[in-house]
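First comes the structure, then the notes that go with it.
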2 protein chains.
Amino acid sequence: MPSDTKARIQAVARELFVQQGVQNTSLRQISERLGITKPALYYHFSSREDLVRSIVQPMVEDIERFVTTREPGDARELLKDYFDLIWRHREVLVMLMRELETLGYTDMAERMFSWRRRLILLLFGPGVTPEQQIRATMALGGMSDCSVEYAHLPVEEVKPTAVESAAAALGLS
Amino acid sequence: MPSDTKARIQAVARELFVQQGVQNTSLRQISERLGITKPALYYHFSSREDLVRSIVQPMVEDIERFVTTREPGDARELLKDYFDLIWRHREVLVMLMRELETLGYTDMAERMFSWRRRLILLLFGPGVTPEQQIRATMALGGMSDCSVEYAHLPVEEVKPTAVESAAAALGLS
DNA sequence: GTCTATACCTAGATAGAC
DNA sequence: GTCTATCTAGGTATAGAC
């Protein structure tokens, strides 16, 4: 085992970032909790931003894959799978959305908008109306909110109702 | 006119806070844009927190008034009025939600939860089921998202569809 | 691969002159 | 009511020993 320190840093950082926000977490705090020193962090991550990025990356790639490879199809099925997607990453997603502005280190905001656009396209096709866009925002945004607000519950107690409600918001029969 | 400086400070601060986040806005930046010095700010506001609070306060009071004085009644009417409420304060609301964690200076998070609970109570009464709670989150959260995402459009182009969709998400006939 | 020590910056905040 | 000057705390980051 060459070094699991890197992984341990990520685990602790992730926990603190989610718990108290990225901006409110200092490298000192992370290193202290691990029993190592600040400079030791810099051996594994070239900068604070590098560390943050490494934690966000898996989620970004997963969502990116979803919105780019998905073929148009049954809307309700898409809602279900999309719910699973955001549920899986709900902790990091919350962290990210809460600090979108303060995390200027990427083009995250623009990226998330493009995900949303792509999803709407998948739901309604290219001839989407303004009304359908609003309904899509209601449905997709509402599901995100549910993933956050009921994050502590088992999925089965949230997903069915959330998906059903989202379908209704969309205007599906 | 004894001093409109205070108001000018608030106007500039508000703009910067909304634009780039509270955490990313320093007192130096605010004072520079106004052509005054940092210490001058401290004459009008006893601390940075005091300034932030003064900008959030009007929204807090408005929402507080809504959720405490409102009588139970027609759900769709409530959705409409609630939409107007958050639409009116959408800029500050976004700012606040984006930085809930980083703004540890108040009990904001808890407060917003209690608003949500009170609204759900108004919508479904005391015997609310878990399913209805999820649907309420979908409806109310979705409307917030719409206020943010379509903030630049005229209300009339957003509100009717958003309210209609929220009603459907709630499960109203 | 991890430490000690430290440089350097920027932030919020205060003292006291005008 | 606003200024100059300054303090202090905390952050990121680096140099170099072990």
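Protein chains get the first letters and strands the later ones, always in sequence-line order, with residue 1 at the start of each.
- Rounded to whole Å, the distance from CG on Leu34(B) to P on dG1(D) is 15 Å.
- The cationic group of Lys159(A) does not satisfy the cation-pi geometry with Tyr150(A), failing either the under 6.0 Å distance to the six-membered ring centre or the 45° limit from the ring axis.
- Rounded to an integer number of Å, the gap from Leu41(A) CG to dG1(C) P is 15 Å.
- Distance check, rounded to the nearest 0.5 Å: SG of Cys146(B) to CZ of Phe83(B) gives 6.5 Å.
- Remark: P of dG1(C) and CD1 of Ile9(A) are 12 Å apart, rounded to the nearest angstrom.
- Between the CG atom of Asp4(A) and the P atom of dT2(C) there is a distance of 9 Å, given to the nearest Å.
- Side-chain atoms of Gln133(B) and Glu149(A) form no donor-acceptor pair, as typed in the model, at a separation below 3.5 Å.
- Scanning both residues, Ile134(A) and Val158(B), for their nearest heavy atoms gives CD1-CA, 3.8 Å.
- Not one side-chain nitrogen or oxygen of Tyr43(A) sits closer than 4.0 Å to the OP1 or OP2 atom of dT2(C).
- Taking atom CG of Leu51(A) as the reference point, atom C1' of dG11(D) lies 15 Å away to the nearest angstrom.
- A cation-pi arrangement is absent between Arg118(A) and Trp115(A) under the rule of less than 6.0 angstrom and at most 45 degrees off the ring axis.
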Reading nucleotides 3-18 of chain C from the 5' end, what letters show protein touch, with B for base, S for backbone sugar-phosphate only, - for no heavy atom under 4.0 Å? BBB-----SBBBB---
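- Counting heavy atoms from C-beta outward, Leu140(A) and Leu79(A) have side chains that approach closer than 4.5 Å.
- Listed pair Thr5(B) / dG1(D) fails the phosphate criterion, with no side-chain N or O lying under 4.0 Å from OP1 or OP2.
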